[in-house]
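All heavy atoms count here, side chains included; hydrogens, waters and symmetry mates do not.
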Amino acid sequence: MTITEKVIANHCGRDRVVPGESVWVDVDILMTHDVCGPPTIDIFKREFGQDAKVWDPDKLVILPDHYIFTQNHHANRNVQLLRAFAQEHDLPHYYDVGSPRYKGVCHMALAEEGFNRPGSLLIGTDSHTCTSGAFGMFSTGVGNTDAALIMGTGKIWLRVPETMRFIFEGALPPYLMAKDLILAVIGDIGCDGATYRAMEFDGESVYSLSMQERMTLTNMAIEAGGKNGIIAPDETTIEYVHARTDHGFECIYSDDDSRYHSEYRYDVSTLEPVVAKPHRPDNRASVLEVAGTRLDRAYVGSCTGGKLEDFEAAAQIIKGQEVVIDTYIVPATTEISESLRTEHIDGTSLWDIFANAGCKMGQASCAACLGGPPDTFGRMQGDEVVISTTNRNFPGRMGSKQASVFLASPLTVAASALSGLITDPREVLV
Amino acid sequence: MQSIIRGLAYVVGDAIDTDQIIPAEHLVYSLQKPDERRMYGRYAMSGVPIDQQGLPDGHIPFTDPDKYHSDYTFVIGGANFGCGSSREHAPFALTEAGAQVVIAESYARIFYRNTIDGGFVIPFESHEKINDQIRTRDELELDTQIGQLTNHRTGQEYLLKPLGDVADILNAGNVFEYARQNGLISSS
Ligand code: SF4
């Protein structure tokens with residue numbers, strides 16, 4: 001069996017499951033946020049009663065992150081609803097806005113707070129819940145109804161997915177990042193190339209990546225339609241998890257005789273920096289093909305492109321220079337935000353590198369990654385052309401339907417911010 | 001599940017993502033409060049680029065401005081309908097607007113699951129591409145039991161793919177009713 005099949009089997013009390021069959025599994029962690037949490041709670045109360053109890057308060061994690069720093073009163077009401085629910089149920093894992101516990105973008109917060117543990121099964125009301133699969137666990141996104149059923153019972157039905165295997169070999173050149181690898185994969189197989197399937201990432205180049213970079217790979221499994229992305233655990237995983245939680249976990253690996261739907265191999269040393277052109281994540285082009293395209297904006301942020309290493313990469317290019325277009329810096333979490341002030345390159349903090357370069361500094365949250373209310377930080381309002389480290393560029397995704405979004409690695413985004421034109425990072429990396 | 005469904009078609013292209021079905025800025029409305037939930041009907045499909053709204057001609061809104069209810073019973077799409085986010089607000093918005101059925105060549109997984117588990121629109125799959133054969137405002141008739149679709153304008157008939165085991169959940173109404181009927185949750 002593959003790692004995905006084994007984790008599912010372990011959670012339905014079976015020795016073996018086969019792709020295609022539907023099983024009811026026990027959920028280890030249910031995650032929700034401010035957009036889907038309130039309607040999930042409404043359905044939970046409708047179906048289980050106004051006074052119903054959450055199946056296991058210790059397994060429910062609520063992370064407001066989407067529409068946080070806005071005057072929109074409907075958005076603010078959502079946070080109030082979560083707060084009231086957390087109080088009513090005495091939930092230990094609620095990370096309230098405005099409190100010292102506030103974290104920011106849910107998928108990064110799950111990792112930082114130790115909820116991502118090898119061998120476990122995590123469901124979230126957010127399509128990028130597949131991010132957690134970087135920790136050798138099964139994770140996927142669902143809607144409010146499924147989440148409400150879990151809230152009451154701890155259970156969900158899953159159809160066991162077939163697994164596609166992506167093997168990366170060779171040494172990653174300094175001008176490439178995990179974002180280039182996953183955009184290459186999505187460009188190859190298309191936005192629905194992995195629909196209903198697991199995407200297992202394997203190979204020496206994957207295991208040479210940090211946990212942050214691995215999460216960039218699994219985060220975008222959904223952009224190929226994948227049900228989950230998954231990477232077997234290794235020393236790097238175990239070290240990260242031990243540093244974040246005392247909770248036990250079980251490392252699970254695919255068998256040598258596992259059956260795969262298909263297998264793709266990449267020699268990363270031969271790949272090039274790439275972008276996804278408007279308006280689809282699979283609309284791949286090499287940076288060289290679109291180099292010189294005029295830009296209005298650059299954006300570094302989100303669960304896939306707003307991690308500490310993403311800012312380190314961008315800062316390495318921007319340090320000592322000035323950006324020539326509006327450039328937004330949005331750390332995914334408060335922990336990353338603090339690190340921007342404590343991590344230095346040549347004696348200057350990352351925060352100062354960006355601020356001195358004229359970047360606009362945002363607060364930890366999803367911000368303009370998904371548009372949101374008109375006063376959202378960095379949101380597109382017109383026909384801007386933007387290059388962004390986020391994960392989606394569908395029409396209107398970052399706010400305005402007229403805007404055009406190119407997706408790229410933090411290196412490519414930073415290089416482009418300095419020139420106002422799409423620029424290959426190889427031109428500026430020393 | 002109603003056995004015969006009749007109504008008008010609203011045709012869109014491939015890869016209609018959830019931001020096109022219901023743009024993110026509208027997700028702040030309550031799905032419960034009547035004066036707010038109707039906003040989902042008003043803004044359903046409003047994220048589709050204007051020249052692709054209601055093919056083949058485009059420029060036809062799914063819900064007329066200042067209305068909360070759509071004229072269209074059937075949404076006809078292409079490949080990968082509902083890709084993108086996990087927002088259940090997407091099938092909810094289509095249902096709130098009055099749509100009953102989506103027919104597409106293929107679906108993104110979470111959208112498909114949400115339509116079924118939540119008991120919203122019925123998601124049928126076509127064997128071949130049909131969004132280039134049906135025009136917006138064509139009168140359609142669907143026999144949900146055998147999956148036969150008839151286009152009254154052209155007389156063309158299409159046999160759609162069987163719903164498979166999810167039909168049990170659709171027939172129960174939603175996943176909660178299904179779970180109750182099967183003893184997975186108590187039926188109090
Ligand atoms: S950062 Fe963007 S992709 Fe990630 S959870 Fe927030 S809105 Fe979704």
Distance (rounded to the nearest 0.5 Å) between [X] [atom1] and [Y] [atom2]:
{"X": "B/Asp14", "Y": "A/Arg280", "atom1": "CG", "atom2": "CZ", "answer": "7.0 Å"}
{"X": "B/Asn114", "Y": "A/Asp146", "atom1": "CG", "atom2": "CG", "answer": "6.5 Å"}
{"X": "B/Ile110", "Y": "A/Thr129", "atom1": "CD1", "atom2": "OG1", "answer": "7.5 Å"}
{"X": "B/Ser106", "Y": "A/Asp192", "atom1": "OG", "atom2": "CG", "answer": "5.0 Å"}
{"X": "B/Arg109", "Y": "A/Thr195", "atom1": "CZ", "atom2": "OG1", "answer": "9.5 Å"}
{"X": "B/Ile50", "Y": "A/Lys401", "atom1": "CD1", "atom2": "NZ", "answer": "5.5 Å"}

Most heavy-atom pairs under 4.5 angstrom with chain B, which of [options]?
{"options": "A/Val35, A/Asn78, A/Leu149", "result": "A/Leu149"}
{"options": "A/Gly225, A/Gly371, A/Pro395", "result": "A/Pro395"}
{"options": "A/Ala75, A/Gly143, A/Pro281", "result": "A/Gly143"}
{"options": "A/Lys227, A/Glu223, A/Arg46", "result": "A/Lys227"}
{"options": "A/Leu370, A/Thr40, A/Asp34, A/Asp42", "result": "A/Asp42"}

With a 4.5 Å heavy-atom cut-off, do [X] and [Y] have their side chains touching?
{"X": "A/His74", "Y": "B/Met39", "result": "no"}
{"X": "B/Asp165", "Y": "A/Glu21", "result": "no"}
{"X": "A/Cys36", "Y": "B/His89", "result": "yes"}
{"X": "A/Trp157", "Y": "B/Leu184", "result": "no"}
{"X": "A/Pro39", "Y": "B/Glu88", "result": "no"}
{"X": "A/Val142", "Y": "B/Ser86", "result": "no"}
{"X": "A/Arg159", "Y": "B/Val166", "result": "yes"}

Is [X] close to chain B through its backbone or its side chain, or both, or neither, when contacts mean heavy atoms under 4.5 Å?
{"X": "A/Arg397", "answer": "both"}
{"X": "A/Ala147", "answer": "neither"}
{"X": "A/Tyr67", "answer": "side chain"}

Next on the checklist: side-chain hydrogen bond (donor to acceptor under 3.5 Å, both in side chains) for B/Arg87 and A/Ser127? Distances and angles first, verdict last.
Outcome noted: CA-CA 8 Å; B/Arg87 67 188 69 153; A/Ser127 62; over 6 Å; no
[X], [atom1] atom: more than 12 neighbouring heavy atoms under 6.0 Å:
{"X": "B/Lys129", "atom1": "NZ", "value": "yes"}
{"X": "A/Gln71", "atom1": "CD", "value": "no"}
{"X": "B/Asp35", "atom1": "CG", "value": "yes"}

Exercise. For B/Ser85 and A/His128, run side-chain contact (heavy atoms from CB on, under 4.5 Å): C-alpha distance rounded to whole Å, both residues' side-chain angles, the deciding distance at 0.1 Å, then the answer.
Key: CA-CA 8 Å; B/Ser85 90; A/His128 290 103; over 6 Å; no
Where does [X] contact chain A at under 4.5 Å (heavy atoms): side chain, backbone, both or neither?
{"X": "B/Tyr112", "value": "side chain"}
{"X": "B/Phe81", "value": "neither"}
{"X": "B/Ile169", "value": "side chain"}
{"X": "B/Asp17", "value": "side chain"}
{"X": "B/Thr115", "value": "neither"}

### Task
Check A/Phe394 against B/Gly84 and note the closest heavy-atom contact, atom names and distance.
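Shortest heavy-atom contact: CE1-CA, 4.2 Å.
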### Task
Would you tell me whether B/Ser30 and A/Arg77 have side-chain atoms, one donor and one acceptor, within less than 3.5 Å of each other?
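No - no donor-acceptor pair under 3.5 Å links their side chains.
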### Message
Is there a side-chain contact (heavy atoms from CB on, under 4.5 Å) between B/Glu25 and A/Arg379? Walk through the geometry before answering.
### Response
CA-CA 11 Å; B/Glu25 65 193 282; A/Arg379 182 188 189 274; 3.2 Å; yes
*Verify side-chain contact (heavy atoms from CB on, under 4.5 Å) between B/Asn174 and A/Glu47, making sure each step is shown before the conclusion.*
CA-CA 11 Å; B/Asn174 63 32; A/Glu47 296 292 334; 4.3 Å; yes
field: Winner by heavy-atom pair count (cut-off under 4.5 Å) against chain A, out of B/Ala108, B/Ala15, B/Gly47
entry: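 Highest number of pairs under 4.5 Å: B/Gly47.
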- Query: Between B/Phe176 and A/Phe48, how do the two ring planes meet: parallel, tilted or perpendicular, split at 30° and 60°?
  - Reply: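 Ring orientation, 0 to 90° scale: perpendicular.
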